[in-house]
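Small disclaimer: the values here were computed from a predicted structure and weren't measured. We're numbering straight along the sequence, starting at 1.
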Amino acid sequence: MSEERLRRWRLLLGPSAEDVAQLGDDDQRRDSALTGLYGGGGDRGAGLGASSPQLHRWLGDVRKYFPTSVVQVMQRDAVEKLGLRQLLLEPELLQAVEPDVNLVSTLLQLSRAIPARTRDTAKAVVRKVVEDIERRLADRLVEAVRGAVDRSRRTHRPQLPDVDWASTIKANLKNYQPRHRTVIVEDLIGHRRRSRAAAMRDVVLLVDQSGSMADSLVHAAVLGSALASIRSVSTRLVVFDTEVADLTDQLSDPVELLFSAQLGGGTDINRAVAYAQTLVRRPTDTVVVIISDLYEGGSETDLRRRVRELVASGVTVVNLLALSDSGTPAYDHELAAQLSALGAPAFACTPDKFPELLAAALRKDDLTQWAEAEGIATGR
């Protein structure tokens with residue numbers, strides 16, 4: 001019997017048939033996912049709690065290690081066999097759960113299985129978490145981004161209505177004349193006049209919607225919504241797996257945006273970056289943030305070429321390996337290092353750090369130095 005057939009039999013029979021074949025790391029994760037759901041003797045039958053991080057990890061592993069058709073079957077089986085249907089069918093039980101980002105990620109990954117009578121309750125749970133993130137981060141993000149944009153547009157030749165008098169007086173104190181008790185103004189400092197409706201910076205958020213990035217998607221939706229409220233910044237939010245979906249028109253309601261995302265499937269970062277290239281109008285005024293663990297299922301060669309082209313044109317490109325509080329993520333170290341070498345630094349970022357990160361990108365600071373100063377490990 002071939003090694004491949006032995007491997008398949010081992011996965012089918014479970015840990016009780018461990019002598020049939022040795023499993024590699026990925027197959028061990030597949031076996032663990034099958035064990036949690038179907039049992040089968042040996043170490044199987046551990047079970048999964050309805051809102052526990054263990055379930056959240058299991059859902060991510062299922063999507064990572066099995067094809068879509070199998071994932072759909074296993075997810076339906078999980079709802080039936082592990083008691084998840086009770087959680088999904090009973091709004092009262094869902095209301096009693098303490099909302100957190102892990103629970104939101106789980107609900108989003110199971111969103112297609114949530115019946116109509118529970119969907120409103122599920123959305124209410126998600127909204128509680130979204131509003132909590134907004135309270136913590138939205139004002140900080142708006143303040144940091146506005147400050148970065150305004151400082152980057154300062155000019156020493158402002159029109160009179162655009163003079164920043166506090167900064168002007170401070171800059172000219174050296175010219176104070178005691179005899180006349182006045183300051184001789186040699187340099188005016190102010191901001192360039194612009195149409196009130198004109199955006200001064202463009203921000204494109206490309207968000208990987210594979211199961212492992214669920215927490216990052218939740219935070220990206222909330223932060224993207226806050227960015228969209230800033231008139232001096234034009235914000236686009238694009239989610240991707242093997243396809244690309246521009247959800248910018250839903251930024252006014254991050255909850256509806258999250259339920260529009262289709263978590264799971266493969267990953268084609270190159271296709272998402274290709275779409276981002278079509279959005280670039282003013283390269284030197286554009287920041288592209290790729291939120292992904294960089295496990296590329298598309299063409300790495302084309303991805304590197306596109307990132308190189310964006311950076312060469314003046315676009316600031318940042319790779320966020322995660323936008324969550326869950327610690328250092330698993331990611332493709334080699335591709336992260338390659339993109340960093342092209343001028344697109346890669347590092348994980350907690351949501352609390354994102355306002356300062358984006359402000360630094362808008363000011364065109366050295367982001368690698370910024371990350372090191374903040375104690376953030378870069379993917380290089």
Using side-chain heavy atoms (C-beta onward) and a distance below 4.5 Å, is [X] in contact with [Y]?
| X | Y | value |
| --- | --- | --- |
| R201 | V287 | no |
| D268 | F240 | no |
| L320 | F347 | yes |
| V126 | V255 | yes |
| H333 | Y331 | yes |
| L237 | T235 | no |

Does [X] reach the main-chain N or O of [Y] with its side chain, forming a donor-acceptor pair under 3.5 Å?
| X | Y | answer |
| --- | --- | --- |
| K353 | A371 | no |
| T242 | T267 | no |
| H219 | L323 | yes |
| E256 | Q250 | no |
| S340 | A346 | yes |

Next item on the list: Run the salt-bridge test on R136 and D132 with the 4.0 Å N-O cut-off and return the result as yes or no.
Entry: yes

Next item on the list: Flag the pair D120 and R127 as a salt bridge only when some basic side-chain nitrogen lies within less than 4.0 angstrom of an acidic carboxylate oxygen.
Entry: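 No, no charged N to carboxylate O under 4.0 Å.
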
Checklist line | Neighbour count above 12 (heavy atom, 6.0 Å) for E334 CD | finding: no

Notebook entry, point to check: Got more than 12 heavy atoms from elsewhere within 6.0 Å of NZ, K123?
Noted result: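 It does: K123 NZ has more than 12 such atoms within range.
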
Item checked: Donor on one side chain, acceptor on other, T248 and D246, under 3.5 Å -> yes

Checklist line | Identified side chain to side chain contact (heavy atoms under 4.5 Å, CB included) partner of T286 from the options L310, V280, V203, T316 | finding: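 The side chain to side chain contact (heavy atoms under 4.5 Å, CB included) with T286 is passed solely by V280 among L310, V280, V203, T316.
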
